[in-house]
A.B. asks: 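Below is a structure I'd like to ask you about.
Below, read A as the first sequence line, B as the second, and so on, with proteins coming before strands; counting in each chain starts at 1.
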2 protein chains.
Amino acid sequence: MKINSEVIARTALRLLDDVGLDGLTMRLIAQDLGVRAPTLYWHVKNKQELLDAMATLVYVEAAERLEPPPDGSSWEDWLADWARQLRQAMLSHRDGARVLAGTYVNHEAVHRAVELNLRTLRDAGFTLSEAARGFPAVLHYTIGHTIEEQAHTSAAYGDDNPYTPERLAAMVDAERFPLTAQASTYLLGMDGDAGFEYGLRIVVLGLRAARQERERG
Amino acid sequence: MKINSEVIARTALRLLDDVGLDGLTMRLIAQDLGVRAPTLYWHVKNKQELLDAMATLVYVEAAERLEPPPDGSSWEDWLADWARQLRQAMLSHRDGARVLAGTYVNHEAVHRAVELNLRTLRDAGFTLSEAARGFPAVLHYTIGHTIEEQAHTSAAYGDDNPYTPERLAAMVDAERFPLTAQASTYLLGMDGDAGFEYGLRIVVLGLRAARQERERG
DNA sequence: AGCCCGCCTCTAACGACGTTAGGGAATCTA
DNA sequence: TAGATTCCCTAACGTCGTTAGAGGCGGGCT
């Protein structure tokens, strides 16, 4: 296969699942492409640019299957679905959230997704500035949650993941922190999808509440 | 000064502000302590453990000045203040959010903070499980927002930060993405505190709305 | 045909990194 | 005083991202 920057990024993403972000080296990527490491620098300026390209691929994966809300569907469901898709895109690669976090992705599909978010919210009765400041809140929540989740469930720990519910429960002194001990199952998104969904609902409800407060003056 | 793991972590945090996370090397930290790099390994198992200790310091900085809500103050204000303090702790160090993200901090002050969050919310009428799943949402939003913010304003770019409002505006095709172009100032938390505050309000309003929905059945 | 030039890959190597091995001085303990 | 413990050192290993510079391979010009 002909090598170019996108092929390199796709290969890197595939290897990422095996070795994790810390194990992802230029030499390894090159080897997988049947080439030596310096060759990559003909196609890619440096490793950071490659990481940006990987982030773009992940982001675009979620953004490009985004459709305008069908008639009769609520903006709440649509927005939540967008957050779920973004989360799934991150979860579908080891350390995906870490790769994505803090990378501004400049790609047409993403602009389209942003525009679609703004339009959907505005059509639902939000001010443009409400929409423009509100939907990043969904985004930031999603990123924050997924980073934390992937860190805790990371395959980097072999068989001794320190974040099992039992270990977490053992860490806290149930005498001094009774509520924490009692709720340790729920804490820190350790229950995966359910924890994410709960927080997502909160953010969406918050958007609605913020709009209603403005409308009531 | 006598060297121990905490002194090392404090030194590392101070140096972090100058050189950034990518420039923070064991040799540099050792040099600042008047010592050679291998010496650090007498006090610290490896660099990851040191990074965890740094994250703990940042987190504790926010957690330990946390007080129970004074009489007459609302849980909304108290919770928002806690989020602001956490954010300030991250912002007060270059790459602070990246250091914190994904590190489970196991320290008494943090357990205290968690317990205080749970108790405050429960006293305000939340179920324990609502509280245990709700306050991480605030946390995750705060982390997500601050990571993104610090990435965009990073001093790693010299004088050519690609995330200035003008550059972002120039990137989007105003014909095809009119709302995005129009709202580019607000997007992605580029307006710092105001953007954070807006999202924070949304999350807090969302918590209240979620509770009300349950109460109404 | 002969030539050149841009494209792409190579070998070799540089400097920096995290980390380990092993030695030695000082300080505490018995 | 003898031995153990604590803390720091020098030296070095293997790996990383990255650069320099040479060369092969192809298509388009003269």
A.B. asks: Kindly say whether A:Phe196 contributes a backbone atom to a donor-acceptor pair with the side chain of A:Tyr141 at under 3.5 angstrom?
C.D. replies: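 A pair under 3.5 Å: yes.
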A.B. asks: Work out which heavy atom in A:Ala101 is nearest to a heavy atom in A:Ile143; give both atom names and the distance.
C.D. replies: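 Scanning both residues completely, I find the closest heavy atoms to be CB-CG2, 4.3 Å.
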A.B. asks: Taking all heavy atoms of A:Gln150 and all of A:Asp95, pick out the closest pair and write down the distance.
C.D. replies: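 Result for this residue pair: OE1-C, 3.5 Å.
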A.B. asks: Taking only residues two or more places apart in sequence, or in another chain, which ones meet A:Phe126 in a ring pair (Phe, Tyr, Trp, His ring centres under 6.0 Å)?
C.D. replies: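 Listed in chain order: A:Trp75.
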A.B. asks: About how many Å separate CE of A:Met54 and CG of A:Leu13, when rounded to the nearest 0.5 Å?
C.D. replies: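 Reported to 0.5 Å precision, the distance equals 4.5 Å.
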A.B. asks: Considering only heavy atoms from C-beta outward, does the side chain of A:Leu128 approach that of B:Tyr186 to under 4.5 Å?
C.D. replies: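 Result no, sub-4.5 Å side-chain heavy-atom pair not found.
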A.B. asks: Strictly by salt bridge (Lys or Arg N to Asp or Glu O under 4.0 Å), give each pair with a member in residues 81-91 of chain A just once, sequence neighbours left out.
C.D. replies: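 Only A:Asp81-A:Arg84, A:Arg84-A:Glu197, A:Arg87-A:Glu149, A:Arg87-A:Asp193 qualify under salt bridge (Lys or Arg N to Asp or Glu O under 4.0 Å).
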A.B. asks: State, to 0.1 Å, how close B:Ala131 and B:Leu121 come at their nearest heavy-atom pair, and which atoms those are.
C.D. replies: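 Where B:Ala131 meets B:Leu121 most closely, the heavy atoms are CB-CB, 3.7 Å.
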A.B. asks: Show the nearest heavy-atom pair for residues A:Val172 and A:Thr180, with the distance to one decimal.
C.D. replies: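 Heavy atoms only, the tightest pair is CG1-CG2, 4.1 Å.
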A.B. asks: Starting from the first five and the last five pairs of the helix from C:dA1-D:dT30 to C:dA30-D:dT1, work out the angle between the resulting helix axes, to 10 degrees.
C.D. replies: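 About 10° separates the two local helix axes.
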A.B. asks: Starting at CG of A:Leu33 and ending at C1' of C:dT9, how long is that distance when rounded to a whole Å?
C.D. replies: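 Checked: the CG to C1' distance equals 13 Å.
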A.B. asks: With a strict under 4.0 Å distance from non-hydrogen atoms of chain A, what nucleotide opens and what nucleotide closes the contacted stretch of DNA chain D, reading 5' to 3'?
C.D. replies: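 Footprint of chain A along DNA chain D, 5' to 3': D:dC16 to D:dT19.
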A.B. asks: Can you list, by residue number, the residues of residues 40-50 of chain B that have a non-hydrogen atom closer than 4.0 angstrom to DNA chain C?
C.D. replies: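 Going residue by residue through residues 40-50 of chain B, the ones with a heavy atom under 4.0 Å of DNA chain C turn out to be B:Tyr41, B:Asn46, B:Lys47.
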A.B. asks: Pairs in or reaching into residues 100-117 of chain B: which pass salt bridge (Lys or Arg N to Asp or Glu O under 4.0 Å), with residues at least two apart or in two chains?
C.D. replies: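 For residues 100-117 of chain B, and leaving out neighbouring residues, the salt bridge (Lys or Arg N to Asp or Glu O under 4.0 Å) pairs sorted by first residue read A:Arg176-B:Glu108.
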A.B. asks: What residue pairs, at least two apart or across chains, pass salt bridge (Lys or Arg N to Asp or Glu O under 4.0 Å) with a residue in residues 14-23 of chain B?
C.D. replies: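 Output for this query lists B:Arg14-B:Asp32, B:Asp22-B:Arg98.
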A.B. asks: Could you check if a side-chain atom of B:Ile3 sits within less than 4.5 angstrom of a side-chain atom of B:His43, using non-hydrogen atoms only?
C.D. replies: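 Result yes, sub-4.5 Å side-chain heavy-atom pair found.
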A.B. asks: With a 4.0 Å heavy-atom cut-off, tell me which residues in residues 21-31 of chain A come close to DNA chain C, sorted by residue number.
C.D. replies: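 Residues of residues 21-31 of chain A that come under 4.0 Å of DNA chain C are, in numerical order, A:Arg27.
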A.B. asks: Could you tell me which non-hydrogen atom of B:Leu86 sits nearest to which non-hydrogen atom of B:Ala62, and how far apart they are?
C.D. replies: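 Closest heavy-atom pair between B:Leu86 and B:Ala62: CA-CB, 3.8 Å.
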A.B. asks: Hey, can you pull the residues of residues 7-18 of chain B with a non-hydrogen atom under 4.0 angstrom from DNA chain D?
C.D. replies: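 Under 4.0 Å from DNA chain D: no residue of residues 7-18 of chain B.
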A.B. asks: I'd like to check the ring pair (Phe, Tyr, Trp, His ring centres under 6.0 Å) partners of A:His111; sequence neighbours left out, ordered by chain and number.
C.D. replies: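 B:Phe177.
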A.B. asks: Residues in side chain to side chain contact (heavy atoms under 4.5 Å, CB included) with B:Ala37, at least two apart?
C.D. replies: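 With sequence neighbours excluded, B:Ala37 shows a side chain to side chain contact (heavy atoms under 4.5 Å, CB included) to B:Arg27, B:Ala30, given in chain and number order.
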A.B. asks: What string of B, S and - do you get for nucleotides 21-26 of chain C, 5' to 3', when a contact is any protein heavy atom under 4.0 Å?
C.D. replies: ------
A.B. asks: Please check: side-chain N/O of A:Thr39 versus main-chain N/O of A:Val35, any donor-acceptor pairing under 3.5 Å?
C.D. replies: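 Such a contact is absent between A:Thr39 side chain and A:Val35 backbone.
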A.B. asks: Would you say the side chain of B:His152 lies within less than 4.5 Å of the side chain of A:Tyr104, judging by non-hydrogen atoms?
C.D. replies: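 Yes, close enough: below the 4.5 Å cut-off.
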